[in-house]
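Order of appearance sets the numbers: ligands from 1, and atoms from 1 within every ligand.
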Amino acid sequence: MTDEVILCKYGEIILKGQNRRNFESMLVKEMRRRASPNGIFKIYSLQSTIYIEPQNELCDMDAMYETAKHVFGIISVNRAKACEKNMEAIIALAKSYLPEKLIGKRTFKVDCRRSDKSFPLTSPEIMREVGGAILEATGGSVKVDVRDPEVTVTVEIRDKLAYIRAGQEPGAGGLPIRSAGRGLLLLSGGIDSPVAGCMMAKRGLEIEALHFESFPYTSERAREKVMTLAEEMCEFCSRIHVHVISLTHIQEVLRDSCEEDYFTLLLRMFMMRLAERCAKEYKCGALITGESLGQVASQTLAAIGVTDSAVNIPVLRPCIGLDKNEIIAEARKYGTFETSILPYEDCCTVFTPRHPKTQPKIEDVMRELGKIDFEGLIDEAYATLTTETKLVFPEYK
Ligand code: ATP
Ligand code: MG
């Protein structure tokens with residue numbers, strides 16, 4: 001009865017009213033799928049908590065704990081042990097389980113959640129008794145500090161059993177992956193777009209990715225870098241289909257036919273239109289980009305206005321209000337930063353204009369577009385689409 005379990009608390013799902021059951025079952029399904037490489041676990045939800053219970057000695061609890069921290073929809077994860085719902089059992093468990101969790105710590109406090117209101121002791125009484133037991137078991141090496149403790153020990157009196165846990169850590173937050181539909185991420189090899197994808201996955205979008213390459217101006221290794229990024233994102237995004245479209249011919253036509261200052265902007269209009277077509281084919285309700293206002297010439301308000309005019313689908317830009325430093329911090333958190341800074345070329349850096357337009361007028365852009373066969377080039381480029389699937393957990397059944 002004293003096997004360790006992992007308890008995951010959900011975040012915003014609690015606010016979901018009628019739909020709550022759907023969200024919970026999505027979360028449990030996702031957790032089960034991700035747990036499978038770590039051993040055989042019983043996973044279920046009860047009272048706003050996901051319980052993860054190892055079923056045999058072979059289960060890798062450390063790996064499972066790390067896995068649980070990367071599942072969107074969870075706000076905190078904690079290892080815990082369960083016992084019978086009586087004070088004798090609770091005190092015995094506190095004495096045997098907690099001293100090792102408090103090694104090297106100076107202060108603690110005890111919290112109590114008493115969801116079973118018929119339990120004979122009140123929360124303050126339970127807290128006092130368990131606190132006393134801990135002080136006794138640790139021989140004075142830790143002190144109580146109710147204001148700013150290093151470790152919070154929580155005793156939960158739940159429906160069937162009592163649980164003791166200590167050292168809760170934050171989960172990934174957000175909503176369960178796939179609960180908000182699907183979005184198509186324009187994935188370059190840079191820092192920003194992988195972050196944008198993870199941020200929208202956090203809000204429940206399943207991420208599909210589209211990468212534009214420009215072979216031979218961009219290399220095979222640049223493409224591999226993007227595939228590595230997609231694989232790294234799977235740690236949070238679960239599974240990503242990466243579509244790749246070649247822009248080589250479009251870029252050559254732009255170079256040969258249009259005014260240089262408009263290259264980037266025109267290229268971005270092609271990207272957006274191709275992305276829109278891909279989104280429709282793969283049933284994505286929005287495009288996602290890593291743009292941040294004012295970061296480069298193509299990300300001024302005027303330039304964004306022009307690129308948006310090329311499409312008729314919502315464009316989500318979760319990094320729009322973030323500074324580069326903030327985006328980098330997110331990239332480190334999601335584990336994509338080190339790959340993003342590897343120095344490979346991107347199609348955006350091929351034939352870059354010396355003086356890109358930062359305040360483009362739509363009439364001028366349309367005049368430049370009029371010089372080429374926009375729709376024909378779109379059809380031709382879309383025909384180059386190929387797809388690779390990236391995942392680090394078993395495939396969805
Ligand atoms: P990033 O770090 O994402 O590369 P960036 O600051 O380099 O961003 P840009 O190159 O202007 O910005 O690109 C803006 C956005 O356009 C990117 O965040 C990405 O969503 C999309 N994008 C740029 N290049 C590509 C590409 N080769 N394939 C797919 N999407 C791209
Ligand atoms: Mg880029």
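- Within the cation-pi definition used here (under 6.0 Å to the ring centroid, within 45° of the axis), R114 does not qualify as a partner of F119.
- The atoms of ligand 1 that sit less than 4.0 Å from any heavy atom of G190 are 1 (P), 2 (O), 4 (O).
- Among the atoms of I191, some N or O lies under 3.5 angstrom from an N or O of ligand 1.
- Near T289, meaning under 4.0 Å from any of its heavy atoms, are these atoms of ligand 1: 20 (O).
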- Task: Could you please spell out the steps behind the ring-ring contact (aromatic ring centres under 6.0 Å, His included) verdict for H241 and Y282?
- Result: CA-CA 10 Å; H241 299 297; Y282 293 93; 7.9 Å; no
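- Interface atoms of ligand 1 facing L187, defined by a heavy-atom separation under 4.0 Å, are 28 (N), 29 (C), 30 (N).
- Heavy-atom proximity to atom 18 (O) of ligand 1, evaluated over G290, G197, S214, is greatest for G290.
- Counting heavy atoms under 4.0 Å from ligand 1, residue Q295 touches it through the side chain alone.
- Of the candidates K324, R268, Q299, it is R268 that places a heavy atom closest to atom 15 (C) of ligand 1.
- Proximity of S298 to ligand 1, defined as any heavy-atom pair under 4.0 Å, is confined to the side chain (atoms from C-beta onward).
- At a threshold of 4.5 Å between non-hydrogen side-chain atoms, the residues E169 and R79 do not count as touching.
- Taking the side chain as every heavy atom from C-beta outward, D192 and K324 approach each other to under 4.5 Å.
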In residues 265-273, what donor-acceptor pairs under 3.5 Å come from side-chain atoms, sequence neighbours left out?
from: R268; atom 1: NH2; to: E291; atom 2: OE2; distance (Å): 3.4
from: R273; atom 1: NE; to: A310; atom 2: O; distance (Å): 2.9
from: R273; atom 1: NH1; to: E375; atom 2: OE1; distance (Å): 3.3
from: R273; atom 1: NH1; to: E375; atom 2: OE2; distance (Å): 2.9

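- A tilted orientation is assigned to the rings of F236 and H70, their planes being inclined by 30° to 60°.
- Of all atoms in ligand 1, numbered sequentially from 1 with element shown, those under 4.0 Å from a heavy atom of L210 are 29 (C).
- For the pair R178 and Y396, the cation-pi criterion (under 6.0 Å, within 45° of the ring axis) is fulfilled.
- A side-chain contact (heavy atoms from CB on, under 4.5 Å) with P194 is found for exactly one of T339, L187, I327, namely L187.
- The residue L185 has no part lying near ligand 1, judged by heavy-atom distances below 4.0 Å.
- S48 meets the side chain to side chain donor-acceptor pair (under 3.5 Å) test with R20; sequence neighbours excluded.
- Atoms of ligand 1 found under 4.0 Å from any heavy atom of V296, numbered from 1 in the order shown, are 11 (O).
- One option in S188, S292, P194 has a heavy atom closer to atom 31 (C) of ligand 1 than any other, and that option is S188.
- Considering backbone and side-chain N/O of F212, one or more are found under 3.5 Å from N/O of ligand 1.
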